2 protein chains.
Amino acid sequence: MTQNTPDFYQVKEKMYVATDCIIFGLHQGKLKLLVFKRKVEPLSGEWSLIGSFVRLDEDLEVAGQRVLHEATGLENVFMQQLKSYGKKDRDPGYRCISVAQYALIRIDDYNEQVVEEHGAKWFEIDDLPALILDHDLMVQDALRQLRQNARYQPIGFELLPEKFTIPQLQLLYEAIYQKELDPRNFRKKVFSFNVLEKLDEKDKSTSKRGAFLYKFNYENYQKLLKSGYNFEIA
Amino acid sequence: MTQNTPDFYQVKEKMYVATDCIIFGLHQGKLKLLVFKRKVEPLSGEWSLIGSFVRLDEDLEVAGQRVLHEATGLENVFMQQLKSYGKKDRDPGYRCISVAQYALIRIDDYNEQVVEEHGAKWFEIDDLPALILDHDLMVQDALRQLRQNARYQPIGFELLPEKFTIPQLQLLYEAIYQKELDPRNFRKKVFSFNVLEKLDEKDKSTSKRGAFLYKFNYENYQKLLKSGYNFEIA
DNA sequence: TCAAAAGTGTTGCATGTACACCCATGG
DNA sequence: CCATGGGTGTACATGCAACACTTTTGA
């Protein structure tokens, strides 16, 4: 922070800084959000995002990863800062600003038990319960940002297991953009980026014929980035 | 913020919350940034963004507008939150997170005296001095976001006077994207949005023939938004 | 053998890009 | 009358959208 204003303007007052996590996951081809039943007063029993105060000796990003780890048992999750919410009366108790961060997790990796211990539940994004405080707003903003970012970054892959099929990938983008896509055009597009590596295995869990598995090639993606790219899918 | 984690995790510690403003303006067809000579220790005399602590009874956005007003005398400036910077050691004095906000101002509107009182100076964006702390990073992030947002929102107009010519508008976009544009294609594009209103006046300050003045039509822009738009210029 | 999902090409249309000349005017 | 910046149209290339049938195989 900066102090260029005259000294008499420098009213220094500390406040609480929290971070709240908007956790997206993919389940049965649907985009879902993980919400928690709040256990402490005020507003105990209401649905909310998971969050925590940021500690004095903790980077913001570290705080986000800590919250996510405590809630899900996962580490090194893809996470991106959304924005901060700082209306003066947003928290009824005391002045507190919250830095919202959104996370994309692979539900397969997921320790289901930890979820239940926290009274957490996955909701489809078009069927969410009301959340406390300004958390509804955070979710709306996060969705918009997710859709925006998915246009220019391959973040969709963060939601899928390491090996995935093209139909799976297509379902994911259909879930993100709530829009049906043409399988021929979709394949043409994703293959044109040259960031998918075809494997010799097939996934037969959803059809008799089976669909080839692919994995994401990060090196090619780096090249693509440098040569001025447009990763627009959908 | 949220408290779903067990109580023993709830280490509540307050910290300072600041806001720093990345102020862009347009001058002689160049995109510029307003930076300030810091007047207080530590780092007195160094270049920095302008900022202030957020007060307990003040919304984040209000704090941003206050900082901008104190620094420039302007009110109701276009301002948008960028993101928060919260490395634990980003400020050498004490733990402090900063919410960066960027502003677009019309230099014409501008009270030049107030700038000088603050030891402020406009720099071209590709010729900036080193700034204190993480302010360089903030500027880079703000530039990226400005370019990104200018693609889908008509924020370019915020930098121009109410009445402007097409060549002025083109220069602005060339400054934002650091790229020359073809005047024929540029006109075709901006007119296709139907958000410019041609006036009967001409601006003769840059040529003998003079260029017609236009103004931005906010109603048509609202219609454009609703009908699913793509405001991509450049 | 058949149901169910995987996989594949072509064409028309729209949009972006490249490009060069005339216009209006003040000095 | 000429130098300066303002203003205009066309042809080509590229990318996107629409569209239907064949393949594989487990039950």
Side-chain angles (χ1 to χ4, degrees), chain A residues 28-30 147 150-152 160-161 163-175 177-215 224 227-234, chain B residues 28-30 147 150-152 160-161 163-175 177-215 224 227-234:
Chain A
Q28 296 163 339
K30 305 264 189 187
R147 289 179 178 136
R151 283 213 136 63
Y152 296 105
L160 292 172
K163 301 172 182 182
F164 53 86
T165 67
I166 304 298
Q168 265 181 298
L169 185 63
Q170 181 177 340
L171 276 174
L172 167 60
Y173 277 90
E174 290 180 337
Y177 293 109
Q178 313 253 60
K179 184 181 161 187
E180 292 202 354
L181 301 171
D182 179 283
R184 285 163 292 192
N185 295 337
F186 184 78
R187 276 167 193 271
K188 219 181 308 171
K189 194 77 184 264
V190 296
F191 290 142
S192 77
F193 299 134
N194 239 11
V195 293
L196 295 190
E197 223 168 281
K198 188 172 184 171
L199 304 176
D200 274 337
E201 304 166 67
K202 280 191 165 187
D203 169 33
K204 298 210 165 188
S205 64
T206 53
S207 78
K208 292 156 187 175
R209 180 178 177 180
F212 276 104
L213 287 162
Y214 290 79
K215 63 179 194 181
L224 185 63
S227 63
Y229 69 115
N230 176 357
F231 202 86
E232 203 156 351
I233 301 183
Chain B
Q28 296 164 340
K30 307 265 189 184
R147 289 181 178 135
R151 281 214 138 62
Y152 296 105
L160 293 171
K163 301 172 182 181
F164 51 86
T165 67
I166 304 299
Q168 265 182 297
L169 185 63
Q170 182 177 339
L171 277 172
L172 167 62
Y173 277 90
E174 289 179 338
Y177 294 109
Q178 313 253 61
K179 186 182 162 188
E180 293 202 354
L181 302 171
D182 180 283
R184 283 162 295 192
N185 295 338
F186 183 79
R187 274 166 195 273
K188 220 182 306 172
K189 195 75 185 268
V190 297
F191 290 142
S192 77
F193 299 133
N194 238 12
V195 294
L196 295 189
E197 223 167 281
K198 188 172 185 173
L199 305 176
D200 275 335
E201 303 166 67
K202 279 192 166 186
D203 169 34
K204 296 211 168 189
S205 64
T206 54
S207 77
K208 291 156 187 172
R209 178 177 176 179
F212 277 104
L213 287 163
Y214 291 79
K215 61 180 197 180
L224 186 63
S227 63
Y229 71 113
N230 175 358
F231 203 85
E232 203 156 350
I233 300 184

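In this text, all values refer to a predicted model and were calculated from it rather than measured experimentally. Chain naming here is simple, since letters A, B, ... match the order of the sequence lines and numbering starts at 1 in each.
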Minimal heavy-atom distance between A/R187 and A/P167, with the atoms involved, is NH2-CD, 4.0 Å
In whole Å, what is the span from the CD atom of B/Q170 to the C1' atom of D/dG7? 11 Å
Across all chains, not counting sequence neighbours, the side chain to side chain contact (heavy atoms under 4.5 Å, CB included) partners of B/L171 are B/E174
For A/F193 and D/dC16, what is the distance between atoms CZ and C1' respectively, to the nearest whole Å? 12 Å
Nearest whole Å is fine: how far is C/dA5 P from A/F212 CZ? 19 Å
Check the distance between D/dG15's C1' and A/F186's CZ and give it to me in whole angstrom. 17 Å
Where along nucleotides 18-27 of chain D does protein come under 4.0 Å, by heavy atom, of base (B) or sugar-phosphate alone (S), with - for untouched nucleotides? BBB--BBBB-
Grab the CG-P distance between B/L181 and C/dC19 for me, whole Å please. 15 Å
Calculate the interatomic distance between A/K189 atom NZ and D/dT14 atom C1'; express it in whole Å. 12 Å
Among residues at least two apart in sequence or on other chains, which ones pass side chain to side chain donor-acceptor pair (under 3.5 Å) with A/E201? A/K163
For B/L169 and D/dG7, what is the distance between atoms CG and C1' respectively, to the nearest whole Å? 15 Å
Nearest-Å distance for atom pair CZ/C1', residues A/R187 and C/dA6: 6 Å
Atom pairs and distances, donor-acceptor, side-chain atoms in residues 204-212 of chain B, under 3.5 Å, two or more places apart:
unit_1, atom_1, unit_2, atom_2, d
B/S205, OG, B/D203, OD1, 2.8
B/S205, OG, B/D203, OD2, 3.1
B/S207, OG, B/G210, N, 2.9

Sorted by chain and residue number, the side chain to side chain donor-acceptor pair (under 3.5 Å) partners of B/K188 (sequence neighbours excluded) come out as B/N185
Please enumerate all residues that pass salt bridge (Lys or Arg N to Asp or Glu O under 4.0 Å) together with A/R147, with sequence neighbours excluded. none
Judged by nearest nucleotide, the residue sitting upstream toward the 5' end of DNA chain C, A/F191 or A/T206, is A/T206
